[in-house]
J.: 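Below: one structure in structure tokens.
Small disclaimer: the values here were computed from a predicted structure and weren't measured. Numbering of residues begins at 1 and proceeds along the displayed sequence.
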Amino acid sequence: MKDEYLSSLVGRAVQVYRGGPDSNVGVLLDVNEDYLTLQKEDGEIIYYKTAHIKSIKENSQIRYNSILKVYDANNLVKAATFNELLGYFKDQTIRINGKGPESKFGTLIDVKDDFLVLYTEQDGLIFYKEQHIKSFSHAIPTTSQEVVEEKENVDQPDVTEEVTEETAVNKMKEVYEQIIADNTANLMTNLKYSWIKINRKGPESMEGLLVEANDDYLVLVVNNEIFRIATYHVKNFSLSINSLEEQKDEQKDEQKQETKNAQTTNTSTDNEQSNESQKQESTDQETSTRSKLTYEEELNLANKRRNRRLKKKARQGKTKK
């Protein structure tokens with residue numbers, strides 16, 4: 001597919017991909033070195049990497065359809081390469097890979113030479129390898145007039161929700177700063193002995209403990225099984241923040257259980273000590289009672305004990321005869 005052919009379609013209604021989740025119809029706005037820009041009728045802007053486009057056709061039936069609104073060319077984001085273009089959208093909300101199985105909608109945290117980092121509330125940090133990204137998209141920026149109309153017609157957003165989301169994003173950035181690297185190979189090295197999920201959708205998706213990483217393959221331990229995955233075929237992977245939180249919760253539960261056991265042990269010890277104290281008190285009372293007996297009372301007790309012994313011996317003697 002030659003750039004001259006694509007350039008000739010700028011400003012016309014085209015369909016990228018004949019079918020499937022990546023197929024879209026819209027106005028071709030721009031063609032660059034390794035990507036093109038398409039605007040759908042609803043205003044969404046999609047940036048397609050040309051290396052992944054299998055087909056593109058001009059839709060002559062809607063070629064002059066005025067319903068398609070053209071994006072303001074003055075505000076069109078342009079860059080020399082697809083990767084450089086991504087850099088302009090850091091800290092913004094974008095969608096990766098359209099509506100396909102690897103599609104995700106979230107906040108773009110960082111862009112490196114061969115990967116990008118996306119944050120979603122459900123999945124935490126997701127790392128997409130640049131070579132496997134087909135496209136990304138964002139909503140069309142609203143004009144000042146549109147913003148005024150929205151404020152008049154729509155309820156104000158909950159400030160608490162905005163603050164909560166911003167806090168979550170900042171938390172993920174702090175986590176990312178601990179493992180940051182310039183390329184995928186070094187990133188994987190920093191993630192050794194972490195719980196990750198590889199190729200989030202499809203038959204090759206798996207989740208486990210990363211124990212080895214190099215330029216050729218990864219070693220993942222999954223339920224007592226060891227998997228070796230070719231690094232080239234890893235499309236994306238995610239760091240399970242939820243698992244880390246679960247581990248923290250488990251540690252807290254263990255600490256609570258240990259504290260509870262310690263309290264139970266202390267209670268048992270206290271009970272034993274209490275019983276011993278009661279026995280000692282009883283013995284002391286008997287001793288004290290005896291010490292209070294008069295001489296005659298002690299003599300009577302001694303005679304009674306002597307008489308019982310004599311009677312017992314007499315009975316034993318009769319039994320022998």
J.: Please name the pair of heavy atoms, one in D110 and one in K90, separated by the smallest distance, quoted to 0.1 Å.
T.: OD1-NZ, 3.4 Å
J.: Centre-to-centre under 6.0 Å for F136 and F82, is that the case here?
T.: yes
J.: A side-chain contact here means heavy atoms from C-beta on lying under 4.5 Å apart; do L187 and F237 qualify?
T.: yes
J.: I want to check something: taking the side chain as every heavy atom from C-beta on, are T81 and E84 in contact at a cut-off of under 4.5 Å?
T.: yes
J.: Would you call V27 and L38 a side-chain contact if the rule is heavy atoms closer than 4.5 Å?
T.: no
J.: Going by the side chain to side chain donor-acceptor pair (under 3.5 Å) test, which pairs reach into residues 227-236, not counting sequence neighbours?
T.: E102-N236
J.: Does a donor on one side chain sit under 3.5 Å from an acceptor on the other, for E44 and S137?
T.: yes
J.: Between atom CD1 of I109 and atom OH of Y176, what is the distance when rounded to the nearest 0.5 Å?
T.: 9.0 Å
J.: Go through the steps to decide whether I179 and L239 satisfy the test side chain to side chain contact (heavy atoms under 4.5 Å, CB included), and finish with yes or no.
T.: CA-CA 11 Å; I179 58 173; L239 179 63; 4.0 Å; yes
J.: Do V111 and N83 have side chains that get closer than 4.5 Å, going by heavy atoms?
T.: yes
J.: Is there a side-chain contact between I53 and V16 (heavy atoms, below 4.5 Å)?
T.: yes
J.: Quick one, E212 with L220, criterion side chain to side chain contact (heavy atoms under 4.5 Å, CB included). Give me CA distance, side-chain angles, the key distance, then yes/no.
T.: CA-CA 7 Å; E212 185 58 53; L220 206 67; over 6 Å; no
J.: Would you name the heavy atoms of V234 and H132 that are closest together and state the gap between them?
T.: O-CD2, 3.6 Å
J.: Quick one: CG on N32 to CG on L36, what's the gap to the nearest 0.5 Å?
T.: 8.5 Å
J.: A quick test of your reading: do over 12 heavy atoms of other residues, nucleotides or ligands sit less than 6.0 Å from NZ of K99?
T.: no
J.: Is K104 salt-bridged to D123, going by a charged N under 4.0 Å from an acidic O?
T.: yes
J.: Once you round to the nearest 0.5 Å, how far does CD1 of I198 lie from CG of L210?
T.: 6.5 Å
J.: Side-chain donor-acceptor pair under 3.5 Å between N24 and Y17, yes or no?
T.: no
J.: Does the pair I56 and L6 meet the rule for a side chain to side chain contact (heavy atoms under 4.5 Å, CB included), with working shown?
T.: CA-CA 9 Å; I56 183 170; L6 292 177; 3.9 Å; yes
J.: How long is the gap from OH on Y35 to CG on L86, to the nearest 0.5 Å?
T.: 10.0 Å
J.: How long is the gap from NZ on K57 to CD on Q15, to the nearest 0.5 Å?
T.: 4.5 Å
J.: Under 3.5 Å, is there a donor-acceptor pair linking the side chains of Q92 and T107?
T.: no
J.: Between K49 (side chain only) and E130 (backbone N and O only), is there a donor and an acceptor less than 3.5 Å apart?
T.: yes
J.: Is it true that, when you exclude N170 itself, more than 12 heavy atoms of the residues, nucleotides or ligands shown sit nearer than 6.0 Å to its CG?
T.: yes
J.: If hydrophobic clusters are built from ILVMFWY residues whose side chains come within less than 4.5 Å, do M188 and V222 share one?
T.: yes
J.: What's the shortest heavy-atom distance between K134 and D22, and which atoms?
T.: NZ-OD2, 3.4 Å
J.: Go through I45 and H138 one step at a time and tell me if the side chain to side chain contact (heavy atoms under 4.5 Å, CB included) criterion holds.
T.: CA-CA 6 Å; I45 306 296; H138 68 93; 3.6 Å; yes
J.: Taking atom types as modelled and ignoring hydrogens, do the side chains of D114 and T184 form a donor-acceptor contact shorter than 3.5 angstrom?
T.: yes
J.: Is the number of heavy atoms from other residues, nucleotides or ligands under 6.0 Å of E204 CD greater than 12?
T.: no
J.: Any chance CG of L209 has more than 12 other-residue heavy atoms, nucleotides or ligands included, within less than 6.0 Å?
T.: yes
J.: Can you find a heavy atom in the side chain of F105 that is under 4.5 Å from one in the side chain of T120?
T.: no
J.: In Å, rounded to the nearest 0.5 Å, how long is the span from CD1 of I94 to CG of L116?
T.: 6.5 Å
